[in-house]
2 protein chains.
Amino acid sequence: MSRDLLSLNQATSRQEAPSLGPDLSGLPKAASELPGIGAEASKEAFDAPTFSPLYRQIKDRLMRALDSGEWQPGQMVPSEHELAKRYGVSQGTVRKAIEELAAEHVLVRHQGKGTFVSSHHEERAQFRFLRLRRDAGGLPATESSILECRRVRPPADVTRELQMRAGESAVFIRRMLTVDAFPAVLDELWLPGSLFRGLTQERLQQYKGPLYALFEASFGTRMLKAREQLKAISCPADQALLLGIEVGKPVLLVDRLSTTYQDRPVEVRRGFYLTEKHHYFNALV
Amino acid sequence: MSRDLLSLNQATSRQEAPSLGPDLSGLPKAASELPGIGAEASKEAFDAPTFSPLYRQIKDRLMRALDSGEWQPGQMVPSEHELAKRYGVSQGTVRKAIEELAAEHVLVRHQGKGTFVSSHHEERAQFRFLRLRRDAGGLPATESSILECRRVRPPADVTRELQMRAGESAVFIRRMLTVDAFPAVLDELWLPGSLFRGLTQERLQQYKGPLYALFEASFGTRMLKAREQLKAISCPADQALLLGIEVGKPVLLVDRLSTTYQDRPVEVRRGFYLTEKHHYFNALV
DNA sequence: TAGTGGTCTAGACCACATG
DNA sequence: ATGTGGTCTAGACCACTAT
């Protein structure tokens with residue numbers, strides 16, 4: 001199947017093309033009865049109109065609804081049956097869309113209960129974004145303390161990575177993760193100022209829990225994915241002082257770019273990891 | 001559904017319980033017509049017999065067939081239709097099993113062509129297991145050279161990680177990955193001797209291509225998954241010499257345990273990464 | 001033209017959670 | 001008892017590949 005909301009490829013030869021809701025088709029229904037003309041012609045004319053299967057269009061609509069805040073993290077989304085009715089497709093098609101979103105950790109499903117918007121308040125999410133592990137094995141119990149939080153003019157590379165306009169301000173945060181009261185990770189974050197108005201050091205210090213949970217709850221920004229680059233470096237003076245180690249000792253540098261819906265970049269994070277008793281865990285699957 | 005090959009839970013109340021092939025049921029067919037008795041009783045009697053849905057049983061059977069070498073890497077497996085007939089289930093059930101195997105990179109599907117056993121000879125596989133990237137971006141063109149290959153009595157931790165019997169020998173390999181003729185990664189591998197008989201330095205040096213491709217083609221061992229632990233360390237003398245750097249300079253240490261079918265561990269690998277112009281890439285999804 | 005996987009539908013029933 | 005997601009089936013048609 002290749003149907004789309006772009007009206008161009010309604011012209012398929014399926015018997016019954018279920019409408020995707022009245023608001024979706026820009027063309028009169030009749031167009032979809034002409035077999036293999038509109039689609040073929042348009043394929044030639046407009047190079048690369050992206051055709052996508054129904055379930056993926058549903059997925060996109062769900063994604064947009066989530067992005068717009070229609071359902072909040074932790075809340076239940078409508079049931080498969082309900083969504084199928086709403087979008088005018090079969091339950092199986094909705095299911096496939098939801099399954100992909102669940103695989104991407106955007107939603108979580110609970111048999112018998114429903115489908116929910118996933119949240120950084122769940123343990124599950126913290127496992128995904130905190131890769132520090134004890135050498136002995138297992139997740140370390142960490143404590144976070146905010147060392148610094150101020151609005152800054154970000155470095156050029158941060159501006160670029162966050163796709164900010166030149167001159168826009170950013171929020172800079174420095175925080176220490178301690179394990180058993182010993183420094184383990186020094187994190188330096190940059191956030192787009194426009195998305196995090198009112199983020200102050202006091203606010204951060206009051207908050208107990210993962211930063212991402214605060215960002216999600218108070219600023220409506222959910223981190224969905226991240227890309228990281230890891231290096232072993234000699235620890236610079238600034239960071240060595242804060243970590244309580246000699247300048248030049250090896251530390252693991254973790255550069256992260258986090259994205260939210262539509263792959264919009266919303267966080268640059270640089271972590272300095274002490275890896276004497278801990279390590280960065282990764283699973284190749 | 002909760003049906004299983006363990007004969008115990010054939011007693012479900014579905015109208016038609018498709019047999020999973022004549023060899024699968026230890027009970028007479030009649031048992032499956034008794035609604036909700038055998039299953040309930042057995043559930044009480046035997047604590048925790050693992051029930052699994054049909055598609056997962058199919059997946060397991062496919063996995064075992066692959067493990068036994070019934071279909072070789074690169075080869076096509078029977079079509080969905082064929083497998084459905086063979087196992088006596090619907091095509092949709094087979095499809096679900098195959099989809100999971102494809103998600104785990106055990107199989108690859110190609111529309112119009114068929115479903116194939118994936119192989120380390122494909123570029124796809126190399127992307128998964130080589131995480132070194134240029135800082136500029138993109139996969140570096142690497143050259144591998146074998147420095148050492150001999151049978152050894154492995155260190156105790158390697159023996160344990162590979163679940164080998166005490167006293168069993170291992171194959172130890174040292175190889176350098178160079179990028180643009182400069183050393184980039186020094187790898188030290190331990191492999192169970194029993195699985196890699198006849199693996200010699202000559203054989204390794206002759207072979208062009210990824211080690212895993214050789215292991216797969218010549219020794220029938222496919223790496224399917226791996227777990228890695230990363231640390232920043234001061235480079236030890238031995239490795240510094242080979243890498244051409246000063247002793248004590250920071251290097252990225254990557255400890256890998258690779259597994260094959262049934263999560264059997266089959267490789268311990270320790271990599272020393274120079275991360276001046278390169279980095280270890282990771283995607284948090 | 002035939003065969004493969006990919007999408008979509010419809011309907012049944014099971015398993016789980018809650019009231 | 002009801003509503004949710006989870007499994008399984010059957011059948012239709014589409015898209016792609018090869019011959």
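Sequence lines set the chain letters: A, B, ... in the order given, protein chains first and strands last, and positions in each chain run from 1. Treat the numbers as computed from the prediction; the structure is a model and nothing was measured. Scope of the values below: all heavy atoms of this structure, side chains included, with no hydrogens, waters or symmetry mates.
- Side-chain atoms of A:E161 never come within 3.5 Å of backbone atoms of A:L257 as a donor-acceptor pair (strictly under, hydrogens ignored).
- For C:dG6, its base sits under 3.5 Å from the side chain of B:R95 at one donor and acceptor pair at least.
- For the pair B:F116 CZ and C:dG3 C1', the computed distance is 12 Å after rounding to whole Å.
- Contact annotation: A:S79 side-chain N/O to D:dG3 OP1/OP2 distance is not under 4.0 Å.
- Nucleotide D:dT4 holds its P atom 8 Å from the CD atom of A:E82, rounded to whole Å.
- Relative to the side chain of B:Y55, the nucleotides C:dG5, D:dC8, D:dT4 differ in distance, and D:dC8 lies closest.
- A 6.0 Å sphere centred on NE2 of B:H81 holds no more than 12 heavy atoms belonging to other residues, nucleotides or ligands.
- In this structure, OH of A:Y87 is placed 14 Å from P of C:dT9, rounded to the nearest angstrom.
- Base pairing in DNA chain D yields stems of at least 3 consecutive Watson-Crick or G-U pairs, both distances under 3.5 Å, namely C:1-18 with D:1-18.
- In this structure, CG of A:L107 is placed 16 Å from P of D:dT4, rounded to the nearest angstrom.
- Which of C:dT9, D:dT9, C:dG6 sits closest to the side chain of B:T93 comes down to D:dT9.
- Taking the side chain of A:K113 as heavy atoms from C-beta on, and the options C:dG5, D:dG5, C:dA17, the nearest nucleotide is C:dA17.
- Residue B:E70 qualifies as enclosed at atom CD: its count of foreign heavy atoms under 6.0 Å is above 12.
- Checking side-chain atoms of B:R64 against main-chain N and O of B:K59 turns up no donor-acceptor pair under 3.5 Å.
- We find that CD of A:Q91 is positioned 14 Å from P of D:dG3, with the value rounded to whole Å.
- Between B:R56 atom CZ and C:dA15 atom C1' there is a gap of 15 Å when expressed in whole angstrom units.
- More than 12 heavy atoms of other shown residues, nucleotides or ligands fall within 6.0 angstrom of atom CZ in A:R134.
- Of the side-chain N and O atoms in A:S90, none sit less than 4.0 angstrom from OP1 or OP2 of C:dC8.
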Requested in this report: Please step through side chain to side chain contact (heavy atoms under 4.5 Å, CB included) for the pair A:T260 and A:M223, ending with a clear verdict.
Outcome: CA-CA 5 Å; A:T260 184; A:M223 310 297 172; 5.8 Å; no
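- Following rounding to the nearest Å, B:Q57 (CD) and D:dG6 (C1') show an atom-to-atom distance of 15 Å.
- Closest to the side chain of A:Q111, out of C:dG5, D:dC8, D:dG6, is D:dG6.
- If you take CD of A:E100 and P of C:dG6, they are 12 Å apart, rounded to a whole angstrom.
- B:R109 contributes no side-chain N or O that forms a donor-acceptor pair with the base of C:dG6 under 3.5 Å.
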